[in-house]
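Following: one structure in structure tokens, then a few remarks.
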Protein chains: 2
Amino acid sequence: MLCSFCSNQAVYRSPYSGQAFCARCFKRNLEERVRTVINRHKLFEPHDHILVAVSGGKDSLVLLNVLHKIESRYTGVKLTALTVDEGVKGYRVSGVEIAKEASEKLGVEHHIVSFKEIYGYTLDEIYAKALEKGSQLHACTFCGVLRRKALNLKAKELGATKLATGHNLDDEAQTVLINLLRGSVVRLARLGVKPPRLWEGFVPRVKPLRYIPEREVALYAYLSGFKLYEEECRYVRLSMRDEVRWMLNRLEAKHPGMKYAVVGAIDRLAPLIDKEVKVEVKPCRHCGEPTARDICRPCEVLEEVGVLS
Amino acid sequence: MLCSFCSNQAVYRSPYSGQAFCARCFKRNLEERVRTVINRHKLFEPHDHILVAVSGGKDSLVLLNVLHKIESRYTGVKLTALTVDEGVKGYRVSGVEIAKEASEKLGVEHHIVSFKEIYGYTLDEIYAKALEKGSQLHACTFCGVLRRKALNLKAKELGATKLATGHNLDDEAQTVLINLLRGSVVRLARLGVKPPRLWEGFVPRVKPLRYIPEREVALYAYLSGFKLYEEECRYVRLSMRDEVRWMLNRLEAKHPGMKYAVVGAIDRLAPLIDKEVKVEVKPCRHCGEPTARDICRPCEVLEEVGVLS
């Protein structure tokens, strides 16, 4: 199989376009697609300070590298990397190291923020309290809710104007289906390509890889020789997302393009929902961060297990 | 297990409410739920002539019987039954008989309309032409497209003001997912509980069973002693709907309520999409029936196989 572009030995054939790619043309093509998405949807502006959430996993490493390649052309744009250390014993340590190294290599400023410094407790400590208290919440719930808040707090502290995350096409299609299967119409409104109306206190989030299939992100990481950490978090469990992932992969294998169709549909639907569904945001009674509730979800879960400081 | 309502022997426990039902209370409860849906969403008006599409399958028999129970209270409402005979050798014959008998038993006027009389050919003949011509269209495509038109034509001829079909919760949830997986945003607009804006020439369609799970419709049919025909159409094939059905059932078993959540979500989404997405309907160049295209889809498929009269 030869590359459809340069006739070198191909390493990948796209099931969508049927085109074959050598390593070099594949990487260029993926970068071009990300660039196109950024331009078409105006994800960034000329003087943005983009904070890239880098866990050290493949998606975030690809995001950091591709954004660096695209955005370093623009002198007004600043790129900073941020890793959240949730505090799971034996996990993330190498992720933090990989993120730090990758940032250094690109000359990108790198920051680390830990649950311990923000919330006073590591995820391990919080989850131990939860078990003590007989809480039904899973470690992944604490992790997701608290990580989102940590990213936003740190983004504001660093003066970032955009927060970029490495969610890929598979992640996005799964999230759309999960929310539909749960009937969460309001959450669907947040899943469009452009962040919905800006709420004071939330740094707008963008997902430049949202049209790139997971396997292509993984291939890019592999072809780039990125150091990957394969440790599995000890809290990992079979979640609804895993079931939906499995189903989507099964459907996609038979009908290539379905994940893309789902994400494309939500791009059209999200602004319609957003226009109708008015969510009023006010400061959290406890921490002052913006929330649609009386007390924000992060404070609520911390309160539930008695570690709200 | 005793009935939660009358303490008779229960035959069914709802995985949603946890309530147990004896045969009598189950049937009453299902009827009550259908009545509530009709009232809440104003599916019918005081002087409606409701044409019920009755194939003779369990869903349509339940629909006919439940609607007869609910609507015969209202003297202004007329109920008529219609069976479409597609013309598949060995299939439908007993379906037509069952539909006729069921209608007679209730004192409901029953009509039959055949593909042969409307299109000049049976489905068998049309599909044989398609095979001859090397068409890629499957028999199920002809069947679905032409059945919809036949129902609408006959509804208009009979002066019906509403067309009621027996789609249940499973059908509806599957259709939502299929359209999402295909990225068909415009089709999602048609899937709300109330028919979208009325287009001249289309008799509004309603689906009173759309919140009743398939297994409950089947149980109602069984407990009512309805005669069921178990013949399988010879054109049946493994379709995307079968895959989606299987997946939804798998998810629903683990997380009861998901089908309902999907249909509830589309009830909220459909009017939002409908408001934004303007579809212009004009008369088909060939037959004059309303269509968003130049030539309507039924005429198009007939033309493709050279049997458009």
Side-chain angles (χ1 to χ4, degrees), chain A residues 16 169-170 172-193 196 211 237-279, chain B residues 16 169-170 172-193 196 211 237-279:
Chain A
Y16 312 105
L169 181 68
D170 295 54
E172 294 293 278
Q174 289 155 19
T175 305
V176 171
L177 279 183
I178 289 171
N179 281 302
L180 182 68
L181 290 166
R182 288 186 175 147
S184 310
V185 171
V186 174
R187 290 193 178 197
L188 288 173
R190 303 185 203 155
L191 292 175
V193 59
Y211 303 110
R237 52 158 182 178
L238 201 69
S239 64
M240 178 152 164
R241 182 172 291 275
D242 297 301
E243 294 173 57
V244 169
R245 171 185 297 122
W246 183 83
M247 290 176 182
L248 264 173
N249 285 343
R250 197 182 138 120
L251 282 168
E252 179 81 26
K254 287 200 195 171
H255 316 271
M258 286 217 152
K259 291 171 189 171
Y260 195 86
V262 169
V263 174
I266 211 65
D267 283 349
R268 294 178 64 191
L269 287 175
L272 305 184
I273 309 170
D274 188 54
K275 221 196 287 183
E276 288 296 315
V277 184
K278 298 292 168 213
V279 178
Chain B
Y16 311 106
L169 181 69
D170 295 53
E172 294 294 277
Q174 289 155 19
T175 305
V176 171
L177 279 183
I178 289 170
N179 282 304
L180 181 68
L181 289 165
R182 287 184 174 148
S184 309
V185 170
V186 174
R187 289 192 179 199
L188 287 175
R190 302 186 204 156
L191 293 175
V193 60
Y211 303 110
R237 54 157 180 177
L238 200 69
S239 64
M240 177 150 161
R241 183 174 289 276
D242 296 301
E243 295 174 56
V244 169
R245 172 185 296 123
W246 183 82
M247 289 177 183
L248 264 175
N249 285 344
R250 197 182 137 118
L251 282 168
E252 179 81 25
K254 285 198 196 175
H255 315 271
M258 286 215 152
K259 292 172 188 170
Y260 194 88
V262 169
V263 174
I266 210 66
D267 283 348
R268 295 179 64 189
L269 288 175
L272 305 184
I273 308 169
D274 188 54
K275 221 194 292 182
E276 288 296 314
V277 184
K278 298 291 167 213
V279 179

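Each chain gets a letter, A, B and so on, in the order the sequences are listed, and its residues count up from 1. Both backbone and side-chain heavy atoms feed into the values below; hydrogens, waters and symmetry mates do not. These numbers come from a predicted model, not from an experiment.
- Each of Val185(B), Leu188(B), Ile273(B) was checked for a side chain to side chain contact (heavy atoms under 4.5 Å, CB included) with Arg268(A), and the lone residue meeting it is Val185(B).
- Atom CE of Met247(A) and atom CG of Leu248(B) lie 8.0 Å apart (nearest 0.5 Å).
- For Ile266(B), no part sits under 4.5 Å from any heavy atom of chain A, backbone or side chain.
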Full working for side-chain contact (heavy atoms from CB on, under 4.5 Å) between His255(A) and Leu181(B): CA-CA 10 Å; His255(A) 316 271; Leu181(B) 289 165; over 6 Å; no
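- Sorted by first and then second residue, the salt bridge (charged side-chain N to carboxylate O under 4.0 Å, His left out) pairs with a member in residues 176-188 of chain A form an empty list; sequence neighbours excluded.
- Heavy atoms of Val176(A) lying under 4.5 Å from chain B belong exclusively to its side chain.
- Under 4.0 Å is where a charged nitrogen must lie from a carboxylate oxygen, and between Glu243(A) and Arg250(B) no such pair does.
- Using a 4.5 Å cut-off on side-chain heavy atoms (C-beta onward), Lys275(B) and Lys275(A) make no contact.
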From CA spacing to verdict: side-chain contact (heavy atoms from CB on, under 4.5 Å), Leu272(B), Leu269(A): CA-CA 9 Å; Leu272(B) 305 184; Leu269(A) 287 175; over 6 Å; no
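- For a residue to count as touching a neighbouring chain, one of its non-hydrogen atoms must lie under 4.5 Å from one of that chain's; by this rule Lys259(A) does not touch chain B.
- Across all their heavy atoms, Ala265(B) and Leu180(A) have their closest contact at CB-CD1, 3.8 Å.
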